[in-house]
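Step one of this worksheet: look at the structure below.
Reminder, nothing fancy here: chain letters follow the sequence lines and each chain counts from 1.
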Protein chains: 2
Amino acid sequence: MEFMIIHHQLFHTLHQLSRHTTNQLNDALKPLGLYGSQWAVLFVLKRKGSLTQKELCDYLFVEAPPMTRTIQRLVKQGYVRQVQGGRDKREKYIELTEAALLEYHKWEKVVNDVNGELLNCLPPSSQQELFTLQNSWLQLLLKGRD
Amino acid sequence: MEFMIIHHQLFHTLHQLSRHTTNQLNDALKPLGLYGSQWAVLFVLKRKGSLTQKELCDYLFVEAPPMTRTIQRLVKQGYVRQVQGGRDKREKYIELTEAALLEYHKWEKVVNDVNGELLNCLPPSSQQELFTLQNSWLQLLLKGRD
DNA sequence: CAGATATAGTTACCTAGGTAATTAATTTTG
DNA sequence: CAAAATTAATTACCTAGGTAACTATATCTG
């Protein structure tokens, strides 16, 4: 019976950690005029290059409607372009603009700083262990849900 | 430089896990007419008894406005009562109703089942280790922010 | 090939949770 | 004690992310 309480605490702690870290990220990004959800998209585009919205959704495990909203905001700010895909006229390729590439390093530094600050209270071995545990759990959960 | 990528992946995985598990919880609660945020309040009230809204906020690390909303919804559903506090007329004590106490065991079983299902792909030792790591990280983060 | 089915993206609307501003009651302080 | 500062709760409004319904294009099938 005791393990049910452990489960409860585990989910509670997971939830708190996620909220706390995304709040910290948003605070750090605010002076740059960006939100966490926007940064996630910019980060993926920088690494992967041009992607369709569907591919972005699949990569970030986000449904299509919030992705549309995030991208429309990035378009309005001039950091991203929607390009009509050649073959399939339904899909839109999303790519970073010159403006985004110019600012990217500044954004990246801010994010790396806040990430480092959030994690510097944990020894690197614990960070690695935490990541390994979280990652294998997530993989197992997603495997079961395909 | 490599650790920045690990950091990024760690936060990404944390975020995904939190979203996935709260989505699963909400799916499981839907047939009962409850949301995850409501369950969190009901759970604390069952354990701790009558609490003020401020105490609930402090316990769940949630700001006052969302707590007001969640409680108002629970009041409307008849699962919770707001009682004007005796000494301080600003504060409102929140307590479970008879209706909530009657349903509680059913809710608890549903939540325990979904929690168990989400965690049964991880061996208990990993669950314990994950909880310990998450918890110590959260404690360190909150200690720094007081 | 034409009709049915599937898919990419959008719109509308829902909950979760955050900040800023407001109100009413309580404390602090000159 | 009266005025100022603090605090519990609420209201209004913001982002994040979810589902349902819709549109337009692609693909599959009879």
Side-chain angles (χ1 to χ4, degrees), chain A residues 11-12 14-30 32-41 51-77 80 82-94, chain B residues 11-12 14-30 32-41 51-77 80 82-94:
Chain A
F11 288 113
H12 182 68
L14 176 66
H15 192 63
Q16 302 298 333
L17 275 177
S18 173
R19 268 173 54 218
H20 187 73
T21 56
T22 59
N23 287 346
Q24 294 295 114
L25 177 63
N26 275 311
D27 283 356
L29 287 174
K30 192 171 237 173
L32 304 177
L34 283 180
Y35 291 97
S37 58
Q38 296 179 288
W39 165 250
V41 170
L51 292 178
T52 66
Q53 291 191 202
K54 181 66 166 59
E55 289 170 325
L56 278 168
C57 290
D58 290 346
Y59 195 82
L60 293 172
F61 286 97
V62 163
E63 299 301 319
M67 184 55 73
T68 294
R69 232 184 314 114
T70 300
I71 287 172
Q72 285 176 348
R73 225 162 19 190
L74 284 169
V75 169
K76 196 173 292 178
Q77 287 175 273
V80 134
Q82 286 173 309
V83 179
Q84 204 68 14
R87 196 156 310 183
D88 190 330
K89 285 174 186 166
R90 290 170 306 180
E91 60 191 19
K92 300 181 177 175
Y93 277 86
I94 312 298
Chain B
F11 288 113
H12 182 68
L14 176 65
H15 192 63
Q16 303 298 334
L17 275 177
S18 173
R19 268 173 54 217
H20 187 74
T21 56
T22 59
N23 288 346
Q24 294 295 115
L25 177 64
N26 274 310
D27 284 355
L29 287 174
K30 192 171 237 172
L32 305 177
L34 283 180
Y35 291 96
S37 58
Q38 296 179 287
W39 165 252
V41 170
L51 292 178
T52 67
Q53 293 192 201
K54 182 65 166 60
E55 290 169 325
L56 278 168
C57 289
D58 290 346
Y59 194 81
L60 293 172
F61 286 98
V62 162
E63 299 301 319
M67 184 55 73
T68 294
R69 230 183 314 115
T70 300
I71 287 171
Q72 285 176 348
R73 222 159 24 187
L74 284 169
V75 168
K76 196 173 292 178
Q77 288 175 273
V80 135
Q82 286 173 309
V83 179
Q84 206 67 14
R87 194 158 311 183
D88 189 330
K89 284 174 189 168
R90 291 170 305 179
E91 60 191 18
K92 301 180 178 177
Y93 277 87
I94 313 298

With heavy-atom distances below 4.5 Å as the criterion, would you say the side chains of [X] and [Y] are in contact?
X     : Y     : value
A/Q53 : A/Q82 : yes
B/N26 : B/Y35 : yes
B/V62 : B/T70 : no
B/I94 : B/L51 : no
B/S18 : B/H15 : no

What is the nucleic acid contact for [X], judged by heavy atoms within less than 4.0 Å: base, sugar-phosphate only, or nothing?
X     : value
A/E63 : base
A/N26 : nothing
A/T68 : base

If you pin A/H15 and A/M67 to their nearest nucleotides in DNA chain C, which one's is more 5'?
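Counting from the 5' end, the first nearest nucleotide belongs to A/M67.
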Assign each of A/Q53 and B/P65 to its nearest nucleotide of DNA chain C by heavy atoms, then name whichever residue's nucleotide is nearer the 5' end.
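The residue mapped nearer the 5' terminus is A/Q53.
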Output the rounded distance in Å from [atom1] ([X]) to [atom2] ([N]).
X     : N      : atom1 : atom2 : result
A/L51 : C/dA8  : CG    : C1'   : 15 Å
A/R90 : C/dT5  : CZ    : P     : 17 Å
B/D88 : C/dT27 : CG    : P     : 6 Å

Chain A contact limits on DNA chain D, taken 5' to 3' with a cut-off of 4.0 angstrom to heavy atoms:
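Under 4.0 Å from chain A, the extent on DNA chain D is D/dT15 to D/dA26.
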Does A/C57 offer a backbone N or O that forms a donor-acceptor pair with the side chain of A/E63 under 3.5 Å?
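No.
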Select from B/K92 and A/G36 the residue whose nearest nucleotide in DNA chain D is closer to the 5' end of that strand.
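The 5'-side residue here is B/K92.
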Closer than 4.0 Å, any side-chain N/O of A/Q82 to the OP1 or OP2 of C/dA8?
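Checking C/dA8 against A/Q82, no side-chain N or O comes under 4.0 Å of OP1 or OP2.
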